[in-house]
Amino acid sequence: MSGAAAASAVEIGQLIRPDRVHGRVYRDPALFRLEMEQIFHKVWVYLAHDSEVPNNGDYVRRQIGLQPVIVIRGSDGVVRVFFNRCRHRANLVCNHERGNAATLRCPYHGWTYSNHGDLVAPTFDEAYEPTLRSEDFGLTPVPRVQSYRGLIFASASATGISLEEHLGAAREFLDLILDRSPEGRIELSAGVQKMRYLANWKMLPENSVEGGYHGHFIHKFAFGLFDSRSGRDRLAHEEEWVRYLTGGHMLEDFRDVQYRPKQPPSGARKAYLETLSKTYGEERAQSLSFGHAPILFVFPNFLFVQTHIRRMQPVSVNETYVYYQPMLLAGVPPEINQDILRIHESSFGPAGFLSPDDIEIMERNQIGVEAQGNEWLFIGRGIHREERLADGGTIGHDMDENHLRGLWQHYARLMSRA
Amino acid sequence: MSATITRADVEKFLFREARLADEHRYEEWLSLWTSDAIYWVPCDAESADPLRQVSLIYDDRARLGDRVERLKSGTVLAQDPKPRMRRVISNVEIAELSATEVTVESNFVLVEARGIHQHIWCGQSIHTLRQQDGELKIARKKVLLVNSDREMPALQFLV
């Protein structure tokens with residue numbers, strides 16, 4: 001461990017306590033740089049879903065922390081992830097956000113790579129030393145790439161735990177999300193809403209997995225509207241659970257929530273529910289139906305919320321990008337996917353009835369943490385009643401903050417490890 | 001009502017709609033729409049099919065009513081305090097004209113002063129206006145923001 005990192009590790013220990021965190025973790029640019037090194041450039045980061053690059057040659061641009069990468073399906077059908085950096089003088093080899101390419105040509109001096117990453121044409125190469133081999137100048141692959149059911153993750157570190165180990169207890173809930181398609185297959189083909197907010201990246205998972213606490217305040221009017229418009233009444237608010245899943249992952253579990261339908265389901269919805277029952281059995285089909293879907297955070301940048309996969313991209317200590325991609329289901333009547341789009345738009349993205357209030361609250365929060373009178377943020381709700389599981393996870397009641405306590409302890413470990 | 005729709009009628013309507021939106025006069029703005037109206041703000045100018053592609057806004061009249069109710073409720077944090085806004089409507093071109101309907105394209109530049117920020121929004125609006133009981137009403141409005149596919153702040157006003 002370098003001297004600077006060691007000093008920081010000691011400091012991190014002082015900034016995070018079991019029931020509170022210090023405001024510096026949201027506003028200190030030095031800690032942001034350390035987060036990039038210690039977290040984003042080491043752990044498994046969610047990049048994309050298979051369905052975003054369905055055809056050979058399809059690519060999307062993404063980032064691992066602040067490092068630009070390209071996710072590309074080669075002409076052999078294999079998805080690879082490369083650093084988006086020409087081996088000659090480090091220009092971006094790919095400037096478009098998405099597209100299809102047999103070859104990638106660096107615009108600066110024309111070096112050209114296949115969609116497998118091989119250097120196929122350096123230019124004016126008569127002046128390069130004959131001992132140089134073009135095999136040694138392919139695009140640099142990101143050290144580790146693994147998928148879980150079509151979700152593509154990568155790690156910029158050559159060593160570390162496997163993706164399966166990283167996902168751990170979150171896998172059960174990823175399955176619960178992906179199995180909402182009777183074919184077990186989702187499509188991120190409906191496009192993306194993009195937002196930016198002027199606040200720290202960690203506020204997004206903290207705000208997105210909230211056990212409904214802030215909903216009573218900032219979303220009260222919208223929730224009232226949705227309840228009056230939806231075809232069901234929620235009978236009570238006490239059967240949801242907030243869980244820390246270890247590994248930094250967090251969950252809101254709505255499987256026990258009871259609903260009373262106000263009107264019979266549409267023909268399409270009935271057909272969808274019947275297919276789910278046939279595929280998975282009555283009980284699991286119930287857990288998969290709308291309203292029981294979990295809110296899941298997979299550390300450090302993946303969220304599933306109700307209708308969509310939400311990908312988070314840190315920009316700086318006080319700026320973050322958020323990408324909302326509606327999750328369409330394979331093997332369902334088209335009306336079901338249209339409903340997902342319309343429900344999504346009513347709530348999420350820049351003009352939804354929920355997201356903008358969350359964004360505004362995070363921006364105000366970022367201003368709040370500049371105040372230094374008493375710098376501790378309190379996350380102690382429900383600490384006396386949290387149920388501790390054998391694997392290190394915890395279960396709390398609706399609105400408890402056990403999951404945040406777990407997240408911050410995980411963060412402290414990653415930030416201070418060698 | 002048999003008088004033909006003139007360019008002057010159309011411009012007068014667009015300017016009035018802009019003023020009502022700028023001044024947060026929600027009920028009056030909502031009364032400009034037909035009962036079967038569609039209000040569409042795509043999140044990618046290339047996406048042509050709102051049934052398969054997500055939009056920023058794809059409101060029918062009922063959803064538009066909810067949008068206005070929410071804005072009126074005083075609970076929208078990005079509207080507390082209310083931003084000050086003015087937009088300039090220009091480049092008005094009539095694309096199609098029949099006895100009872102007109103499709104008109106126009107550009108806008110809108111400045112939104114909110115908190116410490118001053119956001120500049122710009123785009124093209126495509127209105128389909130229908131003559132109904134002697135008045136023009138919006139049957140369809142599509143707004144193509146120039147930054148629709150970029151990372152953007154909250155869009156919590158009437159665009």
Side-chain angles (χ1 to χ4, degrees), chain A residues 97-98 187-198 217-226 228-229 307-308 313 315 319-328 334-335 337-346 348-364 367, chain B residues 38-83 112 114-117 119 121 123 141 143 145 147-159:
Chain A
E97 197 177 332
R98 59 178 185 274
E187 298 271 355
L188 298 190
S189 57
V192 53
Q193 299 167 323
K194 302 174 186 173
M195 289 195 80
R196 64 189 283 255
Y197 67 86
L198 299 179
F217 303 95
I218 71 174
H219 303 312
K220 196 170 181 222
F221 189 85
F223 284 167
L225 264 184
F226 297 150
S228 70
R229 297 284 180 237
T307 54
H308 65 284
Q313 176 61 56
V315 177
E319 184 175 3
T320 309
Y321 292 163
V322 197
Y323 301 94
Y324 306 81
Q325 289 177 281
M327 190 183 91
L328 302 187
E335 293 89 338
N337 282 329
Q338 286 167 24
D339 276 359
I340 289 172
L341 291 178
R342 297 295 90 87
I343 292 166
H344 177 85
E345 290 151 357
S346 74
F348 305 110
F353 297 175
L354 301 177
S355 300
D357 290 323
D358 292 317
I359 296 285
E360 175 73 16
I361 223 70
M362 292 189 288
E363 292 191 345
R364 294 184 190 185
I367 299 168
Chain B
I38 292 287
Y39 175 38
W40 183 22
V41 185
C43 68
D44 180 346
E46 287 165 24
S47 72
D49 185 356
L51 299 185
R52 290 170 194 276
Q53 297 292 121
V54 68
S55 300
L56 297 174
I57 297 173
Y58 189 74
D59 286 358
D60 59 11
R61 182 58 177 71
R63 175 73 57 82
L64 192 57
D66 286 348
R67 186 173 295 282
V68 164
E69 278 305 307
R70 178 169 169 274
L71 289 171
K72 277 167 56 188
S73 73
T75 66
V76 177
L77 290 176
Q79 289 260 333
D80 176 28
K82 286 213 178 304
E112 178 200 19
R114 171 154 62 88
I116 58 169
H117 306 291
H119 299 294
W121 302 80
K141 180 178 180 182
V143 180
L145 294 167
N147 64 334
S148 65
D149 65 347
R150 301 317 320 156
E151 294 82 0
M152 66 173 75
L155 176 64
Q156 293 285 280
F157 52 83
L158 301 170
V159 69

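So you know, we letter chains A, B, ... as the sequences are listed, proteins then strands, and number each from 1.
Contact of the B:Met152 side chain with the A:Lys194 side chain is not registered, since no non-hydrogen atoms from C-beta on lie closer than 4.5 Å. Put simply, the side chain of B:Arg114 reaches to within 4.5 Å of the side chain of A:Glu360, judged on heavy atoms. Under the 4.5 Å side-chain criterion, counting only non-hydrogen atoms from C-beta, A:Arg342 is in contact with B:Pro50. A:Phe353 is listed as a side-chain neighbour of B:Asp66, based on a closest heavy-atom distance under 4.5 Å. Side-chain contact between B:Arg70 and A:Asp357: present, with at least one pair of heavy atoms (C-beta onward) separated by less than 4.5 Å. Inter-residue side-chain proximity for A:His308 and B:Val54 is flagged as unmet; no heavy-atom pair is nearer than 4.5 Å.
Take B:Tyr39 and apply the side chain to side chain donor-acceptor pair (under 3.5 Å) test, not counting sequence neighbours, and it matches no residue.
Proximity to chain B is absent for every atom of A:Ile340, based on heavy atoms less than 4.5 angstrom apart. Of the atoms belonging to A:Tyr323, it is side-chain heavy atoms, and not backbone ones, that fall under 4.5 Å from chain B. Interface remark: B:Glu69 contributes backbone and side-chain atoms alike to the contact with chain A (heavy atom separation under 4.5 Å). Residue contact with chain B, scored on non-hydrogen atoms closer than 4.5 Å, involves the backbone of A:Val192 exclusively. Residue contact with chain B, scored on non-hydrogen atoms closer than 4.5 Å, is absent for A:Ser355. There is no contact between A:Gln313 and chain B, counting heavy-atom distances below 4.5 Å. If you measure heavy-atom distances from B:Arg52 to chain A, the contacts under 4.5 Å come from the backbone alone. In this structure, the portion of A:Leu225 lying under 4.5 Å from any heavy atom of chain B is its side chain and not its backbone.
Among the candidates A:Ser346, A:Gly191, A:Pro334, A:Gly224, the residue making the largest number of heavy-atom pairs closer than 4.5 Å to chain B is A:Ser346. Here A:Arg364 is the residue among A:His344, A:Gln325, A:Arg364 with the most heavy-atom pairs under 4.5 Å with chain B. Ranking B:Leu56, B:Val41, B:Leu51 against chain A, the residue ahead of the rest is B:Leu51, based on heavy-atom pairs under 4.5 Å.
Counting all heavy atoms, side chain and backbone alike, B:His117 lies closest to A:Glu363 at NE2-OE1, 4.5 Å. Contact detail for B:Pro153 and A:Pro350: the closest heavy-atom pair is O-CB, 3.8 Å.
Rounding to the nearest 0.5 Å places OG of B:Ser55 at 4.5 Å from CD of A:Glu345.
No side-chain donor-acceptor contact under 3.5 Å links A:Arg229 to the backbone of B:Arg63. The main-chain N or O of A:Gly352 is found under 3.5 Å from a side-chain atom of B:Gln156 such that the two form a donor-acceptor pair.
No more than 12 heavy atoms of other residues, nucleotides or ligands lie within 6.0 Å of NZ in A:Lys220, so this atom counts as exposed by the packing criterion.
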